[in-house]
Amino acid sequence: QVQLVESGGGSVQSGGSLRLSCAASGYTYSRCMGWFRQAPGKEREGVAAIASDGTTTYADSVKGRFTVSRDIGKITLYLQMNSLKPEGTAMYYCAARAQDCRLGWWLLRQYAYDYWGQGTQVTVSS
């Protein structure tokens, strides 16, 4: 059974930092994973993704502030979030693809992924 478990969310003031983690288990690790977020009343949007070869892509709104990385041995995905803004308040989800992938804009789309975690809440106060 595939499991993705996010952690590291919390409350932080504007300009602060958080590091999210996503521990994966129970499936053949494709190394193709992403982070999404969903604010109240809004659609889920792609934030960052890492392709099978380790290359990364980011939404324009987080470029230069967020960094996605992974530890293949621990089968864990990370999202380092710096200079957080109030509009970053959302539930953050990690996602994994069953098959390997090459880098592309489509990795920031929900349809690219087969498995999802339950999410971790991030709240940024002004």
Under a 4.5 Å side-chain heavy-atom rule over Ile, Leu, Val, Met, Phe, Trp and Tyr, are [X] and [Y] clustered together?
{"X": "Tyr115", "Y": "Tyr93", "answer": "no"}
{"X": "Met91", "Y": "Val68", "answer": "no"}
{"X": "Ile50", "Y": "Tyr113", "answer": "no"}
{"X": "Leu103", "Y": "Trp106", "answer": "yes"}

Minimum heavy-atom distance between [X] and [Y], given as atom pair plus value:
{"X": "Gly88", "Y": "Arg37", "result": "CA-NH1, 3.7 Å"}
{"X": "Ala48", "Y": "Leu79", "result": "CB-CD1, 4.1 Å"}
{"X": "Cys94", "Y": "Leu77", "result": "CB-CD2, 4.3 Å"}
{"X": "Leu108", "Y": "Val47", "result": "CD2-C, 3.9 Å"}
{"X": "Thr89", "Y": "Val124", "result": "OG1-N, 2.8 Å"}
{"X": "Ser17", "Y": "Ser83", "result": "OG-N, 4.3 Å"}

[X] [atom1] to [Y] [atom2] distance, which is reported to the nearest 0.5 Å:
{"X": "Arg109", "Y": "Glu45", "atom1": "CZ", "atom2": "CD", "value": "10.5 Å"}
{"X": "Arg70", "Y": "Cys22", "atom1": "CZ", "atom2": "SG", "value": "13.0 Å"}
{"X": "Ser126", "Y": "Gln13", "atom1": "OG", "atom2": "CD", "value": "9.0 Å"}
{"X": "Ser14", "Y": "Leu84", "atom1": "OG", "atom2": "CG", "value": "8.0 Å"}

So, [X] side chain and [Y] main chain: donor-acceptor pair closer than 3.5 Å or not?
{"X": "Arg97", "Y": "Ala112", "value": "yes"}
{"X": "Glu6", "Y": "Gly119", "value": "yes"}
{"X": "Trp35", "Y": "Tyr78", "value": "yes"}

Enclosure of Glu87 CD (heavy-atom neighbours >12, cutoff 6.0 Å):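 Enclosed.
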Gln121 atom CD, over 12 foreign heavy atoms within 6.0 Å: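 Yes.
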Would you call the rings of Tyr92 and Phe66 parallel, tilted or perpendicular if under 30° counts as parallel and over 60° as perpendicular?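 Plane angle between 30° and 60°, so tilted.
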Do Thr67 and Tyr58 touch side chain to side chain, with heavy atoms closer than 4.5 Å?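 The answer is yes; the side chains approach within 4.5 Å.
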Hey, are the side chains of Met33 and Leu4 touching, using non-hydrogen atoms and a 4.5 Å cut-off?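 Of all side-chain heavy-atom pairs linking Leu4 with Met33, at least one is under 4.5 Å.
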Test side-chain contact (heavy atoms from CB on, under 4.5 Å) applied to Cys32 and Asp53, Leu107, Asp114, the passing residue: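 For Cys32, the side-chain contact (heavy atoms from CB on, under 4.5 Å) check succeeds only for Leu107.
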